[in-house]
Structure formats: structure tokens, C-alpha cells
A.B. asks: 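Can you read through this structure? Questions will come right after.
If you're wondering where the values come from, they're calculated on a predicted model, not measured in any experiment. When a ligand or atom number is given, it counts from 1 through the structure's own listing order.
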Amino acid sequence: MSPFDVSQVDSAESSALEQINAAASVDALRESENEMVGKRSPFATLQKTLGSLGPEERKEAGALLQASRQRVAEARESRLVELSQSERAQQLEVDRMDLADVVSSRASAPLRAGHSGLVASTQRQLEDVFVGMGFTVADGPEVETDWYNFEALNIPPAHPARGMWDTFYLDVGEPETVLLRTHTSPTQIHLMENAVAAGTLPIHAVMPGRCFRRDTPDARHLAVFHQIEGLVVDRGISFADLAGVIETFTRAYFGPDIDSRLRPAFFPFTEPSAEFEITCTICRGEGCRTCSLSGWVELGGCGMLDPAVFEAVGIDSEQWSGFAFGFGIDRCAQMRHAVSDMRALSENDLRFIRQFS
Ligand code: DAH
């Protein structure tokens, strides 16, 4: 065993202190701990050599060694506190959320005002176009009886056409069947009944509103949707008047590069009847998923008022004639803004809604 050497105590201490001061982080300091004061450290080696001394010297040397270790331990402890404080301060700086910044950015940001949804603003624009063509705007109830939604429109019970308008029935405990209207056409009946009662024929009106069907939503259908109905009852009205109104409307609303066309169709309340379609605005007529590859999108139906409807409301079809049309407001919004999937209109996704402020 080599003899105890006091000078080695000093050099062990100064190298340990150097190492402590050089440690740049709490982790680095902890890692060097073994090396400085552990079993293989110079202090441990010196401790072992104490045995080579006589009792008196050993006591003295032991005290010396102990004091030196004590100083190293204290230096280590204070360096540890220093390092952990500065690390914590750095972390706080990184994590800090500056409330002053938040407050001032809020204060200077303009207040975001709300705006109408796409369907509501589309409805207003459609009304504007028709008002410009001389129509008035009327309202009708969303909850109807079987009479208004079906029978007065020449759709008797068990008529196969009812299948086109399957709906939600309300259990109101009345003998009469009450339902959520499947189209805006029943409003025509209300308007004609009222005009007959008040003696205010002719009628040139559009009737926008919400409708309901037991439809499975897809890219072009929603179970809750909106239509705008048109009704003209006057003397000497012909199919040419109807076609002219549809064409004028299409150009005014969708622009000159979108075409409309009428295709023969069947509706119990009009004769003859037609479906009116416009060029698909998503693909400009090329054919896409939205228009089922046809290049055309159906907007609605139209036709000359059936004498059976005139009879139901007490209008003399020898004196009066007229036409009606009804089409989807949501579909118009979809086509005007090239929304490929109509479900976006009712999903309330702000990223979608904010595009139409
Ligand atoms: N009510 C029909 C529907 O929802 C659309 C319609 C067709 C309305 C012909 C009309 C009309 O006024 O004349 O399917």
C-alpha cells in the first residue's frame, strides 16, 4: 500500500472543484459524481492509504481528508442548486405564455362579426332575382296537413306518386294526417285559396322555405332542405311564359355561360310537366360525381297548373291558367359556388362557413 500523501489531498480537491465548476448541467454534474467522490475516486484511494499511518498521524490526516471531502460536497451541492435554478428559469422562459401579448393581440384584432349562412344568403339572392322579374314573396307553414301537401295537389291517398315524397308524420292526436311538408308546393294552395277568398287574383309569387323528406343524405340530397316555389295564375298564360321565366332566371342567377333545359316529366299537379336542369357548374358539363356523370344537374320541376288543382281551390280553369315551378335553394347554392358535396351546407364546419362571409 502506498503511503498517505497530503499533497494528493489538495490535488484531488482542486481537480474535483474544477470538474464541479465545469459541469454545464445538472445531468452532467450528476454523471461526474462517481468519478469525483465515488469508490474509484482519488478520495477513496486516499482513504485507503490512511492505514499506512500511525494512530496520531492517521487521525490528523483523516480529519484533513474529511474536511476536504466536505468542501467538495458543499461545492457540489451549491453548484447543483445554481444549475437547477438556471435550468428551471430557462424552461419557464420557453413555456411562458405572455398574457400581455395575448391581451394586446386580442384588443387589436378586429371583432369578427357573424354573417348569414350560405343557404340563407342564397335564398335572399333568389328572392331578389324574382322580385326583379315582378314576383312577390310569400311564406307558408312547414307543418302541413295531408290535404295541402298531397290531396289538393292532385295526389290522392295511395297514389303511387306519394312514393316520391316520403316524409315524417307527426302524431298530433288529430283525425287529420299532419306531416312535415315535403315540398313548398302546398304554399301554392294556401296562396290560391287566400286569393280566391279575398278576390285578389292574379298571382305572381315565389315561396321559399324549408322542406323535409325521408331521404338518405348524399352529395346532392339532404333530409332537411330548402325550396323556392313559383306560382303564376293569370289569364292567357302559356308554357312559353314558363320557359321564358326559367331561362331568364337561370341567366340572371348563374350567369350567361350556364344553360338550362326542360325535360318532359310527370308531376300530378302540373300538366304538361317538366324537370328543369342546368349545366353542372362543378364540371361545366363534362360529367363528374356531383352530376352522376351527366353534365346536367336537376334544379327542380315545373309545369302548367293542372285543372284538378284549380278545381281543388275553386278557380275556374276556363278563365284562368297558370304555371308553377319549384326548385332546391340548397342545390342552387351548391351549383353557384361549386360545392361538390351538399352535406357541407349543414355540417357547420367553420372552415366552410367562413368562405361565404
Ligand atoms: N314540388 C316538386 C318537388 O318537390 C317540384 C315541383 C314540380 C314544383 C312541378 C312545382 C311544379 O311547382 O309545378 O319535387
Side-chain angles (χ1 to χ4, degrees), residues 123 126 130 135-142 144 146-155 159-168 179-193 195 203-215 220-234 237-247 249-250 260-278 297-310 312-313 315 317 320-332 342:
Q123 176 175 326
L126 293 172
F130 284 109
F135 287 78
T136 57
V137 180
D139 240 348
E142 292 173 2
E144 288 286 13
D146 192 272
W147 162 257
Y148 286 99
N149 198 78
F150 292 122
E151 278 192 59
L153 289 163
N154 199 28
I155 314 172
H159 191 288
R162 286 200 180 204
M164 272 161 65
W165 293 284
D166 199 7
T167 185
F168 303 97
L179 47 85
L180 297 183
R181 69 174 174 192
T182 56
H183 45 183
T184 41
S185 300
T187 313
Q188 290 181 30
I189 303 298
H190 289 288
L191 249 59
M192 286 190 277
E193 283 181 346
I203 301 171
H204 303 87
V206 289
M207 298 142 261
R210 190 181 290 146
C211 307
F212 310 82
R213 271 184 216 177
R214 275 192 48 190
D215 270 350
R220 277 173 307 171
H221 298 92
L222 296 172
V224 179
F225 58 104
H226 303 77
Q227 285 189 337
I228 183 162
E229 192 83 9
L231 174 69
V232 168
V233 179
D234 209 331
I237 298 293
S238 75
F239 200 92
D241 297 310
L242 167 59
V245 164
I246 298 282
E247 183 65 13
F249 157 75
T250 305
S260 67
R261 68 175 186 185
L262 295 176
R263 293 202 312 169
F266 169 77
F267 295 101
F269 32 96
T270 43
E271 180 59 37
S273 304
E275 261 166 11
F276 84 93
E277 301 184 332
I278 61 162
V297 170
E298 186 204 326
L299 271 196
C302 59
M304 302 306 291
L305 286 177
D306 194 294
V309 174
F310 277 142
V313 295
I315 292 179
S317 58
W320 300 93
S321 57
F323 64 78
F325 57 83
F327 57 87
I329 295 175
D330 316 79
R331 189 71 62 78
C332 282
M342 191 133 102

A.B. asks: Can you pull out the closest protein heavy atom to atom 12 (O) of ligand 1? Residue, atom name and distance to 0.1 Å, please.
C.D. replies: Glu229 OE2, 2.6 Å

A.B. asks: Could a heavy atom of Ser185 be found less than 4.0 Å from some atom of ligand 1?
C.D. replies: yes

A.B. asks: Just to be sure I'm reading this right: ignoring hydrogens, which of Gln188, Met304, His183 gets closest to atom 2 (C) of ligand 1? Compare them by their nearest heavy atoms.
C.D. replies: His183

A.B. asks: Do Ala324 and ligand 1 have an N or O pair less than 3.5 Å apart?
C.D. replies: yes

A.B. asks: Pairs of donor and acceptor atoms involving the side chains of residues 203-212, under 3.5 Å and at least two apart or interchain, shall be tabulated with distances.
C.D. replies:
from   : atom 1 : to     : atom 2 : distance (Å)
His204 : NE2    : Asp234 : OD2    : 3.1

A.B. asks: When you measure from atom 11 (C) of ligand 1 to every protein heavy atom, which one gives the shortest distance, and what is it?
C.D. replies: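 Nearest protein contact, heavy atoms only, for atom 11 (C) of ligand 1 is Phe269 CE1, 3.5 Å.
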
A.B. asks: Could you check whether any side-chain heavy atom of Thr270 comes within less than 4.5 Å of a side-chain heavy atom of Phe323, counting everything from C-beta outward?
C.D. replies: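 No - every pair of side-chain heavy atoms lies 4.5 Å or more apart.
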
A.B. asks: Closest by any non-hydrogen atom to atom 7 (C) of ligand 1: pick that one out of Gly301, Gly328, Cys211.
C.D. replies: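 Among Gly301, Gly328, Cys211, the closest heavy atom to atom 7 (C) of ligand 1 belongs to Gly301.
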
A.B. asks: Which residue holds the protein heavy atom closest to atom 5 (C) of ligand 1, what is that atom called, and what is the gap in Å?
C.D. replies: Gly326 O, 3.9 Å

A.B. asks: Heavy-atom distance to atom 13 (O) of ligand 1: which of Leu299, Ile228, Thr270, Asn149 wins?
C.D. replies: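 Residue with the shortest heavy-atom distance to the ligand atom: Thr270.
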
A.B. asks: Just jot down the ring pair (Phe, Tyr, Trp, His ring centres under 6.0 Å) partners of Phe150, sequence neighbours excluded, or say none.
C.D. replies: none

A.B. asks: Between Trp165 and ligand 1, which part of the residue brings a heavy atom under 4.0 Å of the ligand: side chain, backbone, both or neither?
C.D. replies: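 Looking at Trp165 and ligand 1, just side chain atoms fall under 4.0 Å.
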
A.B. asks: Side chain, backbone, both or neither: which applies to Gln227 and ligand 1 if a contact is any heavy-atom pair less than 4.0 Å apart?
C.D. replies: side chain

A.B. asks: For ligand 1, indicate whether the residue Cys302 contacts it via side chain, backbone, both or neither (heavy-atom separation under 4.0 Å).
C.D. replies: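 Looking at Cys302 and ligand 1, just backbone atoms fall under 4.0 Å.
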
